Every structure is written in structure tokens, then in C-alpha cells.
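For reference, the structure discussed in these notes is given below.
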Amino acid sequence: MKNFILMSGTGSYLPIKRISNEDISKMVDTSDEWIQKRSGIKFRHFVDKGELTSDMATKAAMKVIQNSNINSKDIDLIIVATTTPDLTFPATAVKVQKNLNINAIAFDVQAVCAGFVYALSVGVSMLKDGYGDKCLVIGADSMSKILDWKDRTTSVLFGDGAGAVLLEKIESDNSSQFNWGVLSNVIHTDGNFHDILYTDGGVGKSQTSGYIKMKGKDVFKHAVEKLSNSFIEALNKANLSTSDIDWLIPHQANQRIINAVGEKLGFNKNKIISTVYYHGNTSAASIPLALDHAINKKMVKNGDFIGLQAIGGGLSWGSSVIKYGKPTK
Ligand code: ACO
């Protein structure tokens, strides 16, 4: 018998407050035309005063529990990927556990915009290692709290939100034919590029959270190369090729990056999920939000092969290949 880790359900949450490019133009010297042309973003959502990352993460978790028709008490692990925790400690996942009123092991993973693929990799490994049978992997970020409204090059790009997936461990003795679930994960880090995307403050440095700073052109080049290369690596690990993949879900940072990655990998545009127009860059929430959106729109279906790709500060990046859902028989 061999263990397989299914990705069997999704849920998401976006704050009610929706901010258009026209709204942003009243806050910094920019325009709808510039933002759309350079990034593809039209809207983003911002948390309201008093609304926390854990509130969004809890709402996304409740959705996936409801959509998957499971008892919340059966969840063994909660992993929240976030860069914008409620507090320096305890972890945001701990608050989610309290809100759900369950006994799961709960902790955060911090890999910025790559946080979801990192947390997914940790969740898969822990389920395989026997820490339980069901794991919630949540990406949640309130990026609006670390935007510098004096810097128009970064403040126009980000939004807030949360997305969650359910991982379930199952056993199969038919391992050669059973290819459902998370088929491969690859994650990478290169600290040599720590200064092209970072915050200018933190607990140790300034006792503040700091604001986002970015060398946009450098990030752009690394993103196209690293998203593409890590995805090929993940495909090889899963013994699949691009033609096997039904849907590609790249990190939703910028439509131009998404287009360039799609072209480099030879993906037809209508096989690439993009929500950047509606959500902006929601950092760790970007992939699970886009996946949940695609499922709700009846694009991604049970049994589809999907590719996930993310990159963020660090630099940290990675890709995953998944056969989504669960066998029906
Ligand atoms: N509104 C209007 N004008 C602006 C704005 C703005 N918001 N921001 C910059 N400009 C101006 C600049 O001042 C510059 O003017 P100048 O020519 O008179 O000097 C001009 O627009 C061009 O600026 P560039 O920085 O060269 O613009 P570029 O084409 O590189 O686009 C962008 C900037 C969108 C940030 C781009 O570099 C990019 O997409 N980078 C990828 C990074 C990214 O998406 N990061 C997201 C977070 S990281 C992640 O999630 C992986």
C-alpha cells in the first residue's frame, strides 16, 4: 500500500471593499491606463479597518470545509502561508484553529508570494509522515497593510484575500495506475536576490513591519525564467509533459509575466487561469484564489491535471503538478 495526497476541495474569501484603478489614482500619481497596460490589474480588494488576515483565512477555511462536506473536527493540520500575520506571534494559523474550534496542529509558513507552494509541500510531507489524514493549506495576505502610498511603482499592484485547499491522505495498492492528487512539488530559494523584493523594516531591524520595496524589472525577468524552469522540473518529476496539463495556474502578479510564461512553455492562452484583473497580486493567496475561481466557473473539473507556479521575495519559488479532486468510484 502507498499513500497518496489528494487535493479534494477549495474555498476562498475576498474582502468586501473593492478598489478600482480609478480609486487608486486618487491616492497616488497613476492612471487606469498605466496600471492595466503594465500589469493587467483593474481591481483589488482591501481589508476593512479591524479585519485581519486570520479573519480572511478562517472564512476561506470555512468555505472549503463546507464545499468538501467534511466535519471540521476531522482536520488534523492547518498550515497558513502568510507574510502579513495578525501578530508577530502566535502564528495566524493558531487563530484560525481557535476560530474553527478544532484541535488541529497549526502553524504558519513564510515564503511571501511563493508561500502557498511551500505550504503545500510541507502539508504533503507531513501527511505522508503520519501527522494525520486531512490538512488545510491556506494562503492569506493583507498586502494593503504593507504598501507605501508614496511609492507608485508597488502600491498599485497588490490586494488582499485568502484561498484554501483540503489535502486528504488515501491509500492505494494500485500505485502504478493511481495518479490522483499532488503528483509533484518543487521548491527553490536563492538568498542572493534578497534585495530585489523585500520590506524595508521588520521586527529585528525596525520594530515595524516596513513597506514593500521592489526592483520591478529584475523581478520580472527572474519570474519568467524561474516559474517556467521550476514547472518543467515538476512536470519531469511527475513523468508528464505540458500537453498533459489541462490548466496552468501561475502566480497572479502581473498579466505580462503570465503571458510570457505561457509563451515560453507553449501553453494555449485559453488553458491559463488568470484572475489578476480582478484581484491584483494577493501574494500567498494568489494561487488558491485563482484555483477556487476556476472551479466555481466550471473551468477546472474533477480529474483535471493542473500546474501551479509561484515566485516571491527571497527569492523563493516553486511549482506543483496535481490531478485535482478525487476518484468517483
Ligand atoms: N503609474 C504611472 N507611472 C508609473 C507608475 C505608476 N503606478 N509606476 C512607475 N511609473 C512610471 C515610472 O516612473 C517610469 O517613468 P519614466 O519613464 O518617466 O522614468 C515609467 O512609468 C516606467 O517605469 P518602469 O519601472 O520602467 O515600468 P515597467 O515597465 O518596468 O513596469 C512594473 C513596472 C509593472 C512593476 C514591472 O516592472 C513589473 O511588472 N515587474 C514585475 C514585478 C511584479 O509584478 N511584482 C509583483 C510582486 S513580485 C511577485 O509577486 C513575484
Side-chain angles (χ1 to χ4, degrees), residues 39-41 44 53 57 79-85 92 108-123 137-148 151 153-163 185-202 209-231 233-234 248-258 260-261 274-276 279-291 307-320:
S39 72
I41 299 165
R44 75 285 291 144
T53 297
I79 307 175
V80 174
T82 188
T83 304
T84 48
T92 301
D108 291 356
V109 164
Q110 210 278 55
V112 209
C113 299
F116 182 77
V117 290
Y118 269 65
L120 182 62
S121 189
V122 174
V137 178
I138 306 170
D141 265 312
S142 311
M143 300 306 279
S144 62
K145 305 246 173 111
I146 53 169
L147 294 178
D148 177 0
D151 177 6
T153 63
T154 53
S155 55
V156 303
L157 300 174
F158 293 88
D160 303 339
N185 277 118
V186 296
I187 50 175
H188 293 289
T189 316
D190 191 341
N192 287 313
F193 301 111
H194 71 277
D195 59 350
I196 66 170
L197 183 55
Y198 62 100
T199 57
D200 62 356
S209 59
Y211 293 116
I212 298 172
K213 300 287 161 203
M214 176 175 74
K215 293 180 185 160
K217 284 191 202 311
D218 291 343
V219 173
F220 193 109
K221 282 183 214 141
H222 281 288
V224 175
E225 178 213 318
K226 291 179 167 49
L227 292 176
S228 305
N229 291 350
S230 65
F231 185 62
E233 211 183 327
L248 186 64
I249 308 185
H251 174 44
Q252 307 289 312
N254 184 313
Q255 191 59 48
R256 286 159 58 218
I257 295 176
I258 295 173
V261 169
S274 176
T275 56
V276 77
H279 305 162
N281 183 350
T282 56
S283 193
S286 143
I287 287 177
L289 260 171
L291 173 60
L308 312 178
Q309 312 171 321
I311 182 163
L315 289 175
S316 309
W317 69 99
S319 290
S320 308

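Everything numeric in this text was worked out from a predicted model, so none of it was measured.
In this structure, the side chain of Gln255 does not engage the main chain of Ile257 through any donor-acceptor pair within 3.5 Å. Of the possible donor and acceptor atoms, one in the side chain of Asp160 sits under 3.5 Å from a partner among the backbone N and O of Ser144. A donor-acceptor pair under 3.5 Å is formed between the side chain of Thr82 and the backbone N or O of Ala140. Not one N or O on the side chain of Ser316 forms a donor-acceptor pair closer than 3.5 Å with the backbone of Gly312. Under the 3.5 Å distance criterion, the side-chain polar atoms of Arg44 are left unmatched by any main-chain donor or acceptor of Thr282. Using a distance-only test at 3.5 Å, with no hydrogens or angles considered, no donor-acceptor pair links the side chain of Gln309 to the main chain of His251.
A donor atom on one side chain and an acceptor atom on the other are found under 3.5 Å apart for Ser283 and Asp141.
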Next on the checklist: Pair Leu289, Gln252 - check side chain to side chain contact (heavy atoms under 4.5 Å, CB included), show working.
Outcome noted: CA-CA 9 Å; Leu289 260 171; Gln252 307 289 312; over 6 Å; no
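Within the 4.5 Å cutoff, the side chain of Asn192 has no heavy atoms near those of the His194 side chain. Here the side chains of Ile287 and Val117 are in contact, with some heavy-atom distance below 4.5 Å. Under the 4.5 Å side-chain criterion, counting only non-hydrogen atoms from C-beta, Ser39 is not in contact with Val156.
If you take OG on Ser319 and CD1 on Ile249, they are separated by 12.0 Å, rounding to the nearest 0.5 Å. Remark: Ile79 CD1 to Tyr118 OH distance equals 14.5 Å, nearest 0.5 Å. Here Phe193 contributes atom CZ and Ile311 contributes atom CD1; the two are 9.5 Å apart, rounded to the nearest 0.5 Å. A distance of 7.0 Å separates CG of Leu157 from CG of Asn254, quoted to the nearest 0.5 Å. In this structure, CD1 in Ile146 is found 7.5 Å from CZ in Phe158, a value given to the nearest 0.5 Å. Rounding to the nearest 0.5 angstrom, the gap separating the OG atom in Ser286 from the CG atom in Leu308 is 10.0 Å.
Pairing each heavy atom of Asp108 with each of Pro85, the nearest pair is OD2-CB, 4.4 Å. Here the closest heavy-atom approach between residue Gly313 and residue Leu197 is recorded as N-CD2, 3.6 Å. Here the shortest heavy-atom pairing between Asn185 and Ser320 reads ND2-OG, 2.7 Å. The minimum heavy-atom distance linking Ala119 with Val137 is given by the pair CB-CG1, 3.7 Å. Residues Phe231 and Leu248 approach most closely at CZ-CD1, 3.8 Å, considering heavy atoms. Between Ala310 and Cys113 the shortest heavy-atom distance is CB-O, 3.6 Å.
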Show every donor-acceptor pair shorter than 3.5 Å between a side-chain atom in residues 209-223 and any protein atom, with sequence neighbours excluded, or say none if there are none.
residue: Lys213; atom: NZ; partner: Asp148; partner atom: OD2; Å: 3.0
residue: His222; atom: ND1; partner: Lys226; partner atom: NZ; Å: 2.9

